[in-house]
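Residue numbering restarts at 1 for every chain, and letters A, B, ... go by the order of the sequence lines.
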There are 2 protein chains.
Amino acid sequence: MDSAAAREQALDAAERLFYGRGVKSVGMDDVRTASGVSLKRLYQLFPAKEQLVVAYLERRDARWRGQLAAHVARQGEPRERILAVFDWLREWFAEEGFRGCAWINAYGELGATSAAVADRVRAHKQAFRDYLGTLVADAGLPARMAGHLFLLAEGAMVTAGVTGRPDPAGEAREAARALLAAER
Amino acid sequence: MDSAAAREQALDAAERLFYGRGVKSVGMDDVRTASGVSLKRLYQLFPAKEQLVVAYLERRDARWRGQLAAHVARQGEPRERILAVFDWLREWFAEEGFRGCAWINAYGELGATSAAVADRVRAHKQAFRDYLGTLVADAGLPARMAGHLFLLAEGAMVTAGVTGRPDPAGEAREAARALLAAER
DNA sequence: AAGGTAGGAGAACGAACGTTCTCAGGTCAA
DNA sequence: TTGACCTGAGAACGTTCGTTCTCCTACCTT
């Protein structure tokens with residue numbers, strides 16, 4: 001197995017474990033066992049656990065935003081594209097094993113002690129917010145709408161995570177629709 | 001020092017430390033040192049760390065909701081009372097040492113491993129949501145508004161916590177006002 | 001074939017931490 | 001006074017975990 005494959009396998013296992021149980025509850029040994037990548041290799045690829053955590057957040061960020069954008073792109077109307085964000089959230093919330101937003105959870109766990117993790121969380125949230133900004137601009141809506149939609153989405157993620165139910169996505173969609181309607 | 005005083009002192013220190021650095025980064029020994037309550041006494045009052053965490057969340061919940069309700073009660077108009085929730089959030093976000101919502105953070109840290117903590121978080125969020133429900137009902141607004149306002153507030157808490165800025169309270173207030181206006 | 005290098009398995013190390021124990025002193029009842 | 005009990009200070013214990021080290025095997029080069 002070459003380095004690139006080992007890296008992917010390690011990240012696959014790390015993501016599954018970190019997301020499912022929280023970062024601090026997962027030891028490097030758990031990652032070794034789940035991935036089949038030896039400790040030696042693990043520490044070659046990621047010289048410290050923190051770097052594995054950062055890599056996990058970065059890879060997940062790219063995939064998360066890619067999937068969201070792909071889903072949204074299937075809608076033609078600018079306002080429909082905005083509402084599609086919330087439809088995608090509902091699909092995500094309903095996934096088997098959904099346990100809330102990985103970045104919000106990581107921030108609660110490590111934000112106070114790891115600057116690198118806190119930075120990754122902020123970067124992810126900023127990127128999501130900027131993305132909403134482009135959707136809002138494409139719809140010819142005032143820029144402030146992006147912030148409002150962002151807060152609804154974040155609230156839905158937190159609430160779905162804590163309650164374990166996907167309903168908040170529908171509520172957020174409803175609220176978003178009301179906000180859009182008010183701008184017409 | 002009697003038991004009740006020791007309990008308060010322990011909880012004061014625990015709250016300061018847990019909230020400021022996260023629960024897992026704080027040892028029982030740190031609580032002992034910061035509170036001046038001996039380990040023996042600490043374990044008499046709270047037979048395990050988890051119970052100290054639960055007690056911290058419960059006491060903070062009572063105070064948090066009490067302060068919010070007191071602030072809101074100063075407003076006479078039902079719709080003003082709803083907006084006052086977001087004004088209070090802004091004050092909270094701007095406080096020295098604000099580090100996000102204690103319950104969201106605790107959930108990210110312990111939700112996956114401690115059922116007792118997860119329960120306290122759900123109870124707190126449910127109580128807050130119910131409270132918004134009473135404000136919405138008093139204003140003669142449709143019940144679904146409570147869910148929308150709740151999501152805005154949760155989104156603001158998360159975002160203020162991650163960014164360290166109080167602005168999300170203002171954005172959420174703006175969005176709430178737009179939602180209220182749409183119902184007139 | 002010989003020797004060198006990389007990798008895997010897992011033991012080992014050192015620190016942190018939750019929890020319990022020891023010991024010395026103080027208090028109060030009889 | 002005596003003795004039972006409580007308390008505080010902090011040592012001690014057992015576990016977990018991040019990280020490093022040891023040892024052995026397999027493969028590549030010459």
Side-chain angles (χ1 to χ4, degrees), chain A residues 1-57 105-106 108-117 120, chain B residues 1-57 105-106 108-117 120:
Chain A
M1 175 167 51
D2 67 348
S3 282
R7 192 186 152 88
E8 286 309 295
Q9 265 187 246
L11 282 172
D12 287 345
E15 177 161 6
R16 204 165 349 106
L17 294 169
F18 288 161
Y19 180 70
R21 314 210 313 243
V23 173
K24 286 219 186 154
S25 318
V26 173
M28 292 298 274
D29 220 65
D30 296 326
V31 177
R32 185 245 302 254
T33 304
S35 67
V37 175
S38 72
L39 273 185
K40 190 171 226 162
R41 199 82 106 106
L42 226 38
Y43 275 92
Q44 265 171 223
L45 295 163
F46 309 99
K49 187 184 181 184
E50 188 182 47
Q51 297 180 47
L52 177 58
V53 177
V54 167
Y56 143 61
L57 292 176
N105 291 345
E109 222 180 323
L110 305 166
T113 51
S114 163
V117 168
R120 284 298 94 209
Chain B
M1 174 168 50
D2 67 350
S3 282
R7 192 187 151 87
E8 286 309 295
Q9 265 187 247
L11 282 171
D12 287 346
E15 176 161 7
R16 205 167 347 108
L17 294 169
F18 288 161
Y19 180 71
R21 314 209 313 242
V23 174
K24 287 222 185 153
S25 318
V26 173
M28 293 298 273
D29 220 67
D30 296 326
V31 177
R32 184 245 303 255
T33 304
S35 68
V37 176
S38 72
L39 271 185
K40 188 168 230 165
R41 197 83 103 108
L42 226 36
Y43 274 92
Q44 265 172 223
L45 296 163
F46 309 97
K49 187 184 182 184
E50 187 182 49
Q51 297 180 47
L52 178 58
V53 177
V54 167
Y56 143 61
L57 292 176
N105 291 346
E109 220 179 326
L110 305 167
T113 51
S114 164
V117 168
R120 284 299 94 208

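- Rounded to an integer number of Å, the gap from CG of L52(B) to P of dT19(C) is 10 Å.
- One interatomic measurement links the two molecules: NZ of K49(A) to P of dC17(D), which rounds to 8 Å at whole-angstrom precision.
- The shortest side-chain heavy-atom distance between R120(A) and S114(A) does not fall under the 4.5 Å cut-off.
- Between the CD atom of E50(A) and the C1' atom of dT19(D) there is a distance of 15 Å, rounded to whole Å.
- Of the candidate nucleotides dG8(D), dT19(C), dG18(D), dT19(C) has the atom lying nearest to any side-chain atom of A48(B).
- Put simply, the side chain of K40(A) and the base of dG8(C) share a donor and an acceptor less than 3.5 Å apart.
- Between the side chain of R32(A) and the base of dG8(C), no donor-acceptor pair of N or O atoms lies under 3.5 Å.
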Could you please spell out the steps behind the side chain to side chain contact (heavy atoms under 4.5 Å, CB included) verdict for F18(A) and L52(A)?
-> CA-CA 10 Å; F18(A) 288 161; L52(A) 177 58; 4.0 Å; yes
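- Summarising the geometry, the separation between CZ on F18(B) and P on dC17(C) is reported as 12 Å, rounded to the nearest angstrom.
- Put simply, the side chain of V31(B) does not reach to within 4.5 Å of the side chain of K49(B), judged on heavy atoms.
- Once rounded to the nearest 0.5 Å, the distance linking OG1 of T33(A) with CG of L17(A) reads 9.0 Å.
- Here the side chain of Y43(B) is nearest to one of dG18(C), dG8(C), dT19(D), namely dG18(C).
- Counting non-hydrogen atoms under 4.0 angstrom, Q44(A) reaches the backbone sugars and phosphates but no base.
- Look at CZ on R41(A): it is 14 Å from C1' on dT5(C), rounded to the nearest Å.
- For L39(B), the side-chain atoms get nearest to dA11(D) when compared with the rest of dT20(D), dA11(D), dA9(D).
- A straight line from CG of D29(B) to C1' of dA9(D) spans 11 Å, rounded to a whole angstrom.
- Residue-level contact check: V31(B) touches neither bases nor backbone, having no heavy atom under 4.0 Å from any strand.
- Distance CG (L45(A)) to C1' (dT20(D)): 16 Å, rounded to an integer number of Å.
- Counting all heavy atoms, side chain and backbone alike, V37(A) lies closest to A6(A) at CG2-O, 3.7 Å.
- Separating the CD atom of E109(A) from the P atom of dC17(D) is a distance of 13 Å, rounded to the nearest angstrom.
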